[in-house]
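Worth knowing before you read on, the calculation uses all heavy atoms, side chains too, and leaves out hydrogens, waters and symmetry mates. In what follows, chains are A, B, ... by sequence order, proteins preceding strands, each numbered from 1.
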Amino acid sequence: MKNVGFFSLTCCEGCQTTILDMDDQLMDMLGKVNVKSFRWLKEFNDEGPFDIVFVEGAVSTPEEVELVKKLREKSKILVALGDCAAFGGVPAIRDFMDQEDVRREVYGDYTYLESIEATAIGEHVKVDYMLRGCPIDKSEFLSYFNALVNDERPVEKRYAVCLECKRNGNKCLLKDGIPCIGPITLAGCNSACPNVGVPCFGCRGPTPNASLIAVKSMFETNGVDFEGIKDIKERIIEFMGRAKFVRE
Amino acid sequence: MTKVEGHASLHVRIKNGVIEKAELDVEESARFFEGILKGRRYDEAHRITSRVCGICSIAHQMAALQAVEDALDVKVSEQTNLLRDLLTHGMFLQNHVIHTYFFALPDYLGYSSALEMMKDYRDDIHLALHLKKLGNLIMSAVGEREVHPITPVIGGFSVPPKEEKLGSVREELLRWKDKMWRMVELAKMMDIPDFEMKQEHFALSTDRDYTLLHGCIRSTEGESYRCETYKEHFTEYLEPYSTSKFVVKESKSFLVGPLARFNINHRFLSRDAKKVMKMFGLKPPVYNIYKANLVRVVEAFNSLDRSVEIINELLEKGLKQEKVSHIPKDGEGVGVVEAPRGLLYHWYRIKDRRIVKADIVTPTAQNLKSMEDGIKKYLPEILDRGEDEIKLELEKMIRAFDPCFSCSAHFLELRINRT
């Protein structure tokens, strides 16, 4: 049986919660592996060695840098679990602001605490797979989990949310002038948000050829009320700010 | 003080047998939410703050939406209010089941974790997973997802849940209700320490229901405040040893959460929740924090019963697709809700479609001082016991408060300095 660990860095722990919320499959899943660490279920144990570790959260303290390095050394496969681990996520919004302003807004003159950048795990160590989304998608997690446990390579999607959205027969929200960034967001969520009339916010990170200019022209063509390229950049910062491969 | 994975450490100093200091150091890595909201668009507030906590994301969404709606003068429909209540009861049911089976029971029954408890209580852990699932079913039917629901938006819901879906959720709730009484039996096995700490409790309150989203803030001492005056009564401050803020009322600690809600609103509990209360022998007002473990079971019953009632009402009236539009404007707004851990306060100032100032006060911050006071009061009574036993007793106490960092199974690094 494979030795598996689940770890949590700076985040809301919603991805681990999502795994625990897979009620029907949870016990089956955990029965297939030797769970060495899972904070909600048993003790924290980062000693390893592990065959697979799933790490959620952004790296935002020196201790977390050390922990991801240690986990990398001790595990054969390291999976970044969720948007924070993959792209810095919501904690990384502050990376695009003046750090001192951000700190002051919360802690005032109190200088004991410093705001440092929240970074993706892949900026510190090699990441083998990224499970995207805020939070992760249950069925995608299950397919990755089963593949990895059986020494198979998980199938990574390469196309945009739009493809899933069309397949689901949704009316395009952009056509109603709603600012949806599904066209540059990687699929795998089965277009969860547009399915219920909510635009995509890009929590799964960019497609390989994502381009901001393309979004701008799509917004313009469809009469979306927005404030130019600056506006699109701001929207992208909410969930995928640190994704390096977004082109202008 | 060193950092421990697990997010909290406790430093106690004892001089000649007298507790001089009990400092609770919460080492959550700071995420600066109020800071990152500044300059973001107002319609992102509920989405961004949902990410404060993946376990009670719905509470943050509800508080943020209510605050933004308050600022924009948006009124929501009766259907929206019912759906938001239902979503919140789903979260309460799920959170309370998790706390009872995964955090509390292992401590009291002598296991290191729920997984270890499996070997002797297999059926019970399976029941726990089913009961937890009931809450999840409610949340995914209404919000399309348990963690960070998708459908709640400013003004209501992007789409209402399907009637068939709500109907089948109701069926499941009623099907598992009978089996839920086992949760009471198991909770009765907890050996609750005899410990009282009389202090003021605060909870949302109305004159008609066991409210989770509406009303004013009332106390066990008969105080009553409008939500928008929260900051006039409660003061936040920082301690050099903790990243979390502390909150006091007139420099005194106070309590929010299950005990507070129970003491203030118990007369509006469902019939079966009242029955559970009697089975536990709970008589309000209760000032023993360990009994919060029992009140969570009472509230789990209440949330299940109330969910069935809400679904009945919704299906009777029929669900409508409502138009949710609003006109942006400048203004300030407040949203106060009950999270499973207690009062949650959100406040925003909006100008030119941007958030220019945000203020969030979490239940854990409000209860931190009480945790320290509780430790100071209880520790002298158990000081003659071994260090391991003291540690377990203090962990049990802190977990009874159900702070946000309680999910770490063995979180407490205890340092006792005796001179």
Side-chain angles (χ1 to χ4, degrees), chain A residues 7-18 20-21 23-24 26-27 30 35 38-44 46 57-58 60-61 63-64 67 84 89-91 93-94 97 101-108 110 112-115 118 134-135 192-193 195-198 201 203 234-235 237-238, chain B residues 3 5-6 27-41 44 47-48 50-55 57 94 98 102-103 112-116 125-126 129-130 132-133 136-137 139-140 144-148 150-151 153 157-159 238 240-241 243 245 357-358 407-411:
Chain A
F7 295 89
S8 188
L9 310 174
T10 299
C11 65
C12 74
E13 305 192 18
C15 291
Q16 281 204 46
T17 310
T18 299
L20 287 164
D21 281 344
D23 304 297
D24 296 332
L26 184 67
M27 283 301 159
L30 298 183
V35 182
F38 200 148
R39 216 158 80 183
W40 275 34
L41 292 173
K42 61 184 299 181
E43 287 171 73
F44 176 84
D46 63 354
S60 79
T61 64
E63 289 83 355
E64 288 176 341
L67 180 60
C84 296
V90 165
I93 292 176
R94 68 171 186 263
M97 305 170 75
D101 270 1
V102 173
R103 189 199 62 74
R104 185 161 286 278
E105 198 61 32
V106 185
Y107 295 102
Y110 187 83
Y112 171 73
L113 261 169
E114 201 184 336
S115 168
C134 182
C193 296
N195 290 352
V196 290
V198 172
F201 307 112
C203 77
E234 263 184 33
R235 283 172 202 275
I237 284 169
E238 189 181 357
Chain B
K3 280 196 180 202
E5 169 63 39
E27 290 280 11
E28 284 282 355
S29 46
R31 287 177 298 157
F32 305 94
F33 269 93
E34 289 131 321
I36 63 175
L37 283 162
K38 202 176 162 186
R40 301 298 303 181
R41 291 196 324 272
E44 292 175 351
R47 214 156 59 221
I48 292 176
S50 183
R51 273 75 187 175
V52 170
C53 173
I55 296 125
S57 56
Q94 185 242 31
I98 290 174
F102 289 72
F103 305 150
S112 67
S113 68
L115 221 54
E116 203 207 318
I125 297 297
H126 277 280
L129 290 173
H130 275 287
K132 178 169 92 64
K133 188 181 164 190
N136 287 343
L137 286 174
M139 293 188 273
S140 60
E144 287 290 324
R145 192 158 64 194
E146 301 93 348
V147 177
H148 311 316
I150 306 166
T151 53
V153 293
F157 286 80
S158 64
V159 294
L238 288 151
Y241 53 82
T243 59
K245 291 182 180 178
K357 188 109 188 121
C407 43
S408 42
H410 287 272
F411 65 96

With side chains defined as the heavy atoms from C-beta onward, is the minimum distance between Cys12(A) and His148(B) less than 4.5 Å?
yes
Hey, could you give me the CD1/CG distance between Ile36(B) and Asp101(A), rounded to the nearest 0.5 Å?
14.0 Å
Should Leu20(A) and Leu26(A) count as side-chain neighbours, where that means a heavy-atom distance under 4.5 Å?
yes
Considering only heavy atoms, which portion of Asp24(A) lies under 4.5 Å from any heavy atom of chain B: side chain, backbone, both, or neither?
side chain
Judged by atom type as modelled, is there a donor-acceptor pair below 3.5 Å linking the side chain of Glu238(A) to the main-chain atoms of Glu44(B)?
no
Quick one: what part of Leu30(A) sits under 4.5 Å from any heavy atom of chain B, side chain, backbone, both or neither?
neither
Could you check which of Lys245(B), Lys38(B), Arg40(B) has the highest count of heavy-atom pairs closer than 4.5 Å to chain A?
Arg40(B)
Given His130(B), Glu116(B), Lys133(B), the one with more heavy-atom pairs under 4.5 angstrom with chain A than any other is Lys133(B)
With respect to chain A, which residue among Val159(B), Asn136(B), Leu129(B) yields the maximal number of heavy-atom pairs within a distance under 4.5 Å?
Asn136(B)
Does the distance from a Lys or Arg side-chain N to an Asp or Glu carboxylate O, for Glu105(A) and Lys357(B), drop under 4.0 Å?
yes
Side chain of Arg104(A), backbone of Gly35(B): donor and acceptor closer than 3.5 Å?
no
Most heavy-atom pairs under 4.5 Å with chain A, out of Lys132(B), Glu34(B), Arg145(B), belong to Lys132(B)
Between Ser50(B), Cys53(B), Gly39(B), which has the largest tally of heavy atom pairs under 4.5 Å with chain A?
Cys53(B)
Measure His126(B) against the heavy atoms of chain A and call it side chain, backbone, both or neither at under 4.5 Å.
side chain
Is Gln94(B) in contact with chain A via its backbone, its side chain, both, or neither, using a 4.5 Å heavy-atom distance?
side chain
Who among Gly14(A), Cys134(A), Ala58(A) has the most heavy-atom pairs with chain B under 4.5 Å?
Cys134(A)
Given heavy-atom pairs under 4.5 angstrom as the criterion, report whether the side chain, backbone, both or neither of Leu37(B) touches chain A.
neither
Backbone N or O of Val196(A) within a donor-acceptor pair of the Ser158(B) side chain at under 3.5 Å?
yes
Any chance you could measure Glu146(B), atom CD, to Asp23(A), atom CG, to the nearest 0.5 Å?
7.5 Å
